[in-house]
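Here the structure is laid out as structure tokens; the discussion comes afterwards.
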Amino acid sequence: MKSQANYNTLNVKTLVADTPQYKIEVLPENNRAYLTIVGFWRNPEAVSEYLNDWKHAIKQLENGFTLLTDARDMKIHPTSVRPIHEQAQNLIIEAGIRGVAEVQGSIAEVQLDSVSAQTQMPKRNFTNPDEAEKWLDSL
């Protein structure tokens with residue numbers, strides 16, 4: 001008979017932030033962060049803790065971590081919010097990101113690709129979250 005203490009506790013994500021605009025989780029066992037971007041970010045004040053939340057998430061990961069971003073429910077953000085995305089990507093790059101899989105499927109993908117091109121984020125686009133996860137696992 002198996003001991004009840006042997007149940008699998010791996011693959012449990014740690015919640016870093018859960019706001020109406022985004023959710024950030026980490027899975028240290030896989031050295032991976034998960035970002036879900038939701039809706040319309042009206043202005044930088046609407047996501048005032050975003051950069052701090054990323055700093056907290058990065059502290060729980062090691063150099064060479066990966067990121068799965070789900071942007072399917074993202075709406076196009078105003079230009080005043082672009083610097084927040086750029087600063088977050090720069091933090092992630094400086095922390096040693098190995099690769100980003102971005103699940104897109106909204107009109108916002110052009111905006112996301114533009115920011116990533118500017119920051120030189122190592123990113124690949126997907127339409128299926130399972131395919132994105134498999135690609136990150138292969139890195």
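Quick note: numbers below take in every heavy atom, side chains included, and nothing from hydrogens, waters or symmetry partners. Fair warning: this is a prediction, and the values are worked out from it, not measured in the lab.
The minimum heavy-atom distance linking P122 with I93 is given by the pair CD-CG1, 4.5 Å. Taking all atoms of both residues into account, the shortest heavy-atom contact from L51 to A88 is CD2-N, 3.4 Å. Contact record, D53 with A17: OD2-CB, 3.2 Å, taken as the closest heavy-atom pair. Residues A132 and V103 share a closest heavy-atom pair of CB-CG2, 3.8 Å. Minimum heavy-atom separation, V26 to L61: CG1-CD1, 4.0 Å.
Connection of L139 to Y34 is established within a shared hydrophobic cluster, with ILVMFWY side chains joined at heavy-atom distances below 4.5 Å, either directly or through further cluster members.
If you take CD on E102 and CG on L68, they are separated by 9.5 Å, rounding to the nearest 0.5 Å. Here the CG atom belonging to N30 is positioned 10.0 Å from the CG atom belonging to L136, to the nearest 0.5 angstrom. A distance of 6.5 Å separates CD1 of I97 from OG1 of T66, quoted to the nearest 0.5 Å. Atom CG of N125 is separated from atom CH2 of W135 by 9.5 Å, given to the nearest 0.5 angstrom. How far CG of L27 is from OG1 of T14: 7.5 Å, rounded to the nearest 0.5 Å. For the atom pair NZ of K23 and CD1 of I37, the computed distance is 13.5 Å after rounding to the nearest 0.5 Å.
Using modelled atom types, one side-chain atom of Y22 and one backbone atom of Y50 make a donor-acceptor pair closer than 3.5 Å.
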**OP:** Quick one: do D73 and T36 satisfy side chain to side chain contact (heavy atoms under 4.5 Å, CB included)? Show the steps, please.
**Re:** CA-CA 8 Å; D73 293 329; T36 303; 5.7 Å; no

**OP:** Apply side chain to side chain contact (heavy atoms under 4.5 Å, CB included) to V100 and Q89, showing your working.
**Re:** CA-CA 10 Å; V100 178; Q89 288 186 10; over 6 Å; no

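Residue pairs satisfying the salt bridge (Lys or Arg N to Asp or Glu O under 4.0 Å) criterion with at least one member in residues 128-139, sequence neighbours excluded, are listed as follows: R32-E133, R32-D137. The salt bridge (Lys or Arg N to Asp or Glu O under 4.0 Å) contacts involving residues 85-96 comprise R82-E86, where partners must be two or more places apart or lie in separate chains.
D70 pairs by the side chain to side chain donor-acceptor pair (under 3.5 Å) definition with R72, not counting sequence neighbours. Every side chain to side chain donor-acceptor pair (under 3.5 Å) that Q60 has, sequence neighbours left out, goes to H56. Looking at residues two or more places apart in sequence or on another chain, you find a side chain to side chain donor-acceptor pair (under 3.5 Å) between N52 and E49.
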If you look only at distance, which donor and acceptor atoms sit under 3.5 Å apart when one is on a side chain in residues 39-47 and the other is two or more places apart or in another chain?
{"from": "W41", "atom 1": "NE1", "to": "Q21", "atom 2": "O", "distance (Å)": "3.0"}
{"from": "W41", "atom 1": "NE1", "to": "V38", "atom 2": "O", "distance (Å)": "3.4"}
{"from": "N43", "atom 1": "OD1", "to": "E45", "atom 2": "N", "distance (Å)": "3.1"}
{"from": "N43", "atom 1": "OD1", "to": "A46", "atom 2": "N", "distance (Å)": "2.9"}

